[in-house]
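Reading through the structure tokens given below for one structure.
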Amino acid sequence: LKRLQTDYIDLYQSHRDDPETPVDEVLGAYARLIEQGKVRAIGASNFTPERLAESLAASERLGLPRYESVQPLYNLYDRSTLEGPLAELCLKEGIGVIPYYGLAAGFLTGKYRSEADLGKSPRGGGIKKYLDERGLRILAALDQAAAQKQATPGQVAIAWQLQKPFVTAPIASATSLAQLDELVKAVDLDLDAATVAKLDAASA
């Protein structure tokens with residue numbers, strides 16, 4: 001709190017679950033922080049649906065703080081972590097979903113289209129895994145949608161997430177104000193059902 005120069009943290013998230021630690025022990029520690037006024041709400045990042053459900057049950061049973069948000073990996077390329085049981089649980093329990101890597105480390109902006117592009121930034125080395133047949137198929141679908149909507153591939157990739165009923169707000173990092181200004185415009189980009197279906201199919 002001293003380093004952040006604040007009296008409290010609005011949302012404190014467990015970054016990774018420790019399966020060896022009982023959920024009531026973790027929630028009990030959060031209860032003390034909330035009672036002390038240091039934390040207002042708690043969230044879970046990188047939790048399995050099973051551990052999240054166990055935590056929610058413990059919160060209700062023991063009167064402990066409840067996870068109000070979940071921060072999973074999710075984007076047009078990385079869909080399996082969230083879609084399915086975790087998304088269904090979050091919808092059922094009214095938990096906010098704020099996925100990270102919304103642009104797959106920049107891949108979904110279209111900046112990296114071959115291995116020759118990997119040297120464009122320090123993060124390029126982590127992009128290679130996306131340069132497969134499926135990844136290129138996703139980029140082609142993004143290009144087509146961007147051309148139709150007079151937008152950028154990155155804006156379309158974020159707008160696609162915003163169309164999902166289980167996503168509250170995607171997280172995408174920007175390294176400049178220009179990038180931030182571009183990405184924010186995704187909020188106003190209206191993707192019709194046919195475009196969303198094409199993107200879903202390309203990334204299936």
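Keep in mind that this is a model prediction, so the values were computed, not measured. These numbers come from the heavy atoms of this one structure, side chains and all, not from hydrogens, waters or symmetry mates.
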Are [X] and [Y] packed together at the side-chain level, in the sense that at least one heavy-atom pair is separated by less than 4.5 angstrom?
| X | Y | result |
| --- | --- | --- |
| P153 | T109 | no |
| R66 | E60 | no |
| V26 | S14 | yes |
| N75 | Q161 | yes |
| L1 | K38 | yes |
| I42 | Q13 | no |
| P72 | L86 | yes |
| V70 | L89 | no |

Candidate pair F107 and L139, rule side chain to side chain contact (heavy atoms under 4.5 Å, CB included), full reasoning: CA-CA 9 Å; F107 173 71; L139 286 185; 3.6 Å; yes

Run the ring-centre check on [X] versus [Y] and record whether the distance is less than 6.0 Å.
| X | Y | value |
| --- | --- | --- |
| Y77 | Y130 | yes |
| Y30 | Y12 | yes |
| Y74 | Y100 | no |

Show, in sequence, the C-alpha distance, side-chain angles and deciding distance for N46 and D17, and conclude whether the side chain to side chain contact (heavy atoms under 4.5 Å, CB included) test is met. CA-CA 7 Å; N46 300 301; D17 183 29; over 6 Å; no

Closest non-hydrogen atom pair, [X] against [Y]:
| X | Y | answer |
| --- | --- | --- |
| L103 | G154 | CD2-O, 3.7 Å |
| I98 | Q71 | O-CG, 3.1 Å |
| L73 | Y101 | CD1-CB, 3.6 Å |
| L183 | A174 | CD1-CB, 4.5 Å |
| S55 | L27 | O-CD1, 3.5 Å |
| Y67 | L56 | O-CD2, 4.0 Å |

The test is side chain to side chain contact (heavy atoms under 4.5 Å, CB included); show your working for R51 and V23 and say whether it passes. CA-CA 8 Å; R51 282 286 280 189; V23 295; 3.7 Å; yes

For R16 and S45, run side chain to side chain donor-acceptor pair (under 3.5 Å): C-alpha distance rounded to whole Å, both residues' side-chain angles, the deciding distance at 0.1 Å, then the answer. CA-CA 6 Å; R16 287 201 187 279; S45 182; over 6 Å; no

Between NZ on residue K198 and CG on residue L142, distance to nearest 0.5 Å: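 If we round to the nearest 0.5 Å, K198:NZ and L142:CG are 13.0 Å apart.
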
Rounded to the nearest 0.5 angstrom, the CD-CD distance for Q148 and Q144 is 5.0 Å

Can you check whether [Y]'s main-chain N or O pairs, donor with acceptor, with [X]'s side chain at less than 3.5 Å?
| X | Y | answer |
| --- | --- | --- |
| T195 | L191 | no |
| S176 | Q179 | yes |
| Q155 | T152 | yes |
| S59 | P65 | yes |

If we count only N and O atoms by modelled type, under 3.5 Å, do the side chains of S203 and R134 hold a donor and an acceptor together? no

Joint cluster assignment, [X] & [Y], ILVMFWY side-chain distance < 4.5 Å:
| X | Y | value |
| --- | --- | --- |
| L91 | F47 | yes |
| I95 | L64 | yes |
| Y8 | I34 | no |
| L180 | V156 | no |
| L177 | V184 | yes |

D7/K2 under salt bridge (charged side-chain N to carboxylate O under 4.0 Å, His left out): CA gap, chis, key distance, verdict: CA-CA 8 Å; D7 295 326; K2 285 178 181 175; over 6 Å; no

Can you check salt bridge (charged side-chain N to carboxylate O under 4.0 Å, His left out) on K149 and D192, steps first, answer last? CA-CA 10 Å; K149 302 295 180 182; D192 55 84; 2.6 Å; yes

Would you list the atom pairs, donor with acceptor, under 3.5 Å between side chains in residues 163-171 and any protein atom, with sequence neighbours excluded?
{"residue": "K164", "atom": "NZ", "partner": "D200", "partner atom": "OD1", "Å": "3.0"}
{"residue": "K164", "atom": "NZ", "partner": "D200", "partner atom": "OD2", "Å": "3.3"}
{"residue": "T168", "atom": "OG1", "partner": "V97", "partner atom": "N", "Å": "2.9"}

Would you check, one step at a time, whether the test side chain to side chain contact (heavy atoms under 4.5 Å, CB included) holds for V39 with D10? CA-CA 6 Å; V39 171; D10 286 301; over 6 Å; no

For atom CD of E133, is the number of surrounding heavy atoms from other residues, nucleotides or ligands below 6.0 Å larger than 12?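 Not buried by this count: 12 neighbours or fewer within 6.0 Å.
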
